[in-house]
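Down below is the structure, laid out as structure tokens.
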Amino acid sequence: MTQAHSGAGPGAVVEFRGVVKEFAGHRALAGFDLTLRAGEFVALLGPSGSGKTTALRVLAGLESTDAGSILLNGADVSRLPASRRDMGMVFQAYSLFPHLSAGENVEFGLRMRKVSPEERRSRARAALALVELDAHHDRYAHQLSGGQQQRVALARALVTQPRVLLLDEPLSALDARVRVQLREEIRRIQTDLGITTLFVTHDQDEALAVADRVAVMRAGSIEQIGTPEDLYARPVSPFVADFVGLNNRVAGVVRHGFAQVHGTALPLVDPSQADGGVQVFVRPEDVEFAAAGVAGVVTSSSFLGSLRRTGVRLEDGTTLVTQHSVRLNPALGARVHLAFTGAPVTVETSPRLGE
Amino acid sequence: MSAGLRSGGVAHAPARGIRIAILGVIGLLFAVPIVAMVEFTLRKGLGGGHDFSRWITLFQSGFTGQYRPLLVAAGNSVALAIGTVLIVLLLLVPTMILIQLRFPRLRRPMEVICILPVSIPAIVLVVGLAPVYSMVARLFGSGVWTLTFAYGVTVLPYAYRAIQSNLDAVDARTLSEAARSLGAGWGTVLLRVLLPGLRRGILAGAFISVAVVLGEFTIASLLNRVNLQTALVVVSKSDPYTAVIVSLLALAFAFLLLLTIGRLGAARTRSPRPRSLSKGLS
């Protein structure tokens, strides 16, 4: 498979331009713009109903567009039927053809392309080897585990050397362990083949772990797109801050481009923020124990393997969560002091601040 | 029949003793009239005693002479059965798949429409059909085959249930989308992907349709068409023994047919057993 691919160039450039899609009055995509560079792995992240699956299905040709265009290497494909878009797709639901063996499933796309039987067989074997399932060539879907079925589906999607790989929450039906394993594998194969990939998920860990860039979607358009690091460290809006990673929400005041929280001035991700009362989003890892600072009482603490997360109730009644080394193990009820590390924060102008 | 239509969900089997008792009672219930029929055909006139003379006479005659109408009528019934199956295959199956894939909102109305005929007595149906058939006769002539249209309606509930239960068990939408993304056109999706998965339901629906058509009397009789059942009634007036013999043969044929459905349901080792998954996509 890798061999077969060495001749093919890198993946295609995909461009969404102002794509609009409505379902019975509901706007699933509201002028959706996105460009995927050749060979790039982009994750669409968002809550259900944000339009991420619709964006993927529109690209696949499984849904039509109401307005806007979709370009593949500069050519408009928005009127092309799904069968002629040359994209590999892996679905959330198990989608292997039940009457065909794993090998025959993988061969299906090649059969559609009228590839000779010998070549078909050898390419199918190579594709199954790529997902480490060459020994399961003759098994049927019901003889395979969920993870194996999704791997065969991946091999089936890749064997035709499509211009784009589309992944529609392919891991969400699997258990946690297999999920992590398979996402690493998808990433490895994607990097090896250099295929442009669009990955839809509602799981932020998944998106941050594998993608080159993550696009956070809200109400049919992209709220923010950037590298996982970018998105995590500098969320442009409360929505993104809230959706990506865990957050403390604390009351604060913006003054002169800094957020004042419990006596500490924190830099803002967006310094143009107007002065006034706000809700400040602070990451648990940006709060630490200190000799002096905000005083509070430990109310909870959970061991997470490589780190520990502890909740501290402050005197004003709010709770701050801090993430710290497992070497520290504060007792419940202990009086501690917390300090902010000073990492830039995102704020939300909140009407509730008068309270 | 139930064996053929069972769609994978295996309930707890009752204990062996209870199973035998239930089967025994039901078997006895069905056996009594059949055994009585067989006994009737073996009677030796007024003298008493039993033999196979009537069976032998019938088979030796090769269904010629006075028995000829029965053969013609059986032919009619078989032709009607084939026509009805064609309606199921060419009209009902594609419609159901189309609704499943493209118009899921029409599923409820479709179900109601398809189940409706079972709740309408055949005699009532004929009252409605009579004027329709005066028009059908003008358009297509008064051939026996035109009854297919009426039979297409009467078998709807049975065929629909058989096919729908299979359709529910396969995720037709995802499978067809997967096939399309792999480069398959709609024809290929239907023939290569969906029909193989629906084979069991479609066969069961077809066989049940055949069984229903072979046993149909009311509509054919009231619309003055000849099929196996109406011919049997005519023959039974002059020769009740032969009528019963042919009834038994028809019964055996239908039994074989249903046995085949049962086997199809049980013997498929490759049976698709999709793990149930959230069908709705986010």
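Order of the sequence lines fixes the chain letters, A, B, ..., with proteins taken first and strands second; residue numbering starts at 1 for each chain.
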Sequence neighbours excluded, which residues qualify as salt bridge (charged side-chain N to carboxylate O under 4.0 Å, His left out) partners of A/R121?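 Residues passing salt bridge (charged side-chain N to carboxylate O under 4.0 Å, His left out) with A/R121: none at all.
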So which part of B/S181 gets closer than 4.5 Å to some heavy atom of chain A, the side chain, the backbone, both or neither?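 Both the backbone and the side chain of B/S181 come within 4.5 Å of chain A.
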[atom1] of [X] to [atom2] of [Y]: how many Å apart, nearest 0.5 Å?
X	Y	atom1	atom2	value
B/L175	A/H99	CG	NE2	9.0 Å
A/R85	B/R180	CZ	CZ	10.0 Å
A/M89	B/L182	CE	CG	10.5 Å

Heavy-atom contact with chain B under 4.5 Å, split by part of [X]:
X	result
A/R113	side chain
A/L96	backbone
A/R156	both

Are B/V193 and A/F108 close enough that some pair of their side-chain heavy atoms sits under 4.5 Å apart?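 Yes; the side chains approach each other to less than 4.5 Å.
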Take atom CZ of A/F23 as the centre, draw a 6.0 Å sphere, and report whether it contains more than 12 heavy atoms from other residues, nucleotides or ligands.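 Counting other residues, nucleotides and ligands, CZ of A/F23 exceeds 12 neighbours.
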B/R19 atom CZ: more than 12 heavy-atom contacts under 6.0 Å: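 For B/R19, atom CZ is crowded (more than 12 foreign heavy atoms under 6.0 Å).
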Which heavy-atom pair separates A/S83 from B/G185 by the least distance, and what is that distance?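 Nearest pair, atom of A/S83 first, then B/G185: CB-N, 4.5 Å.
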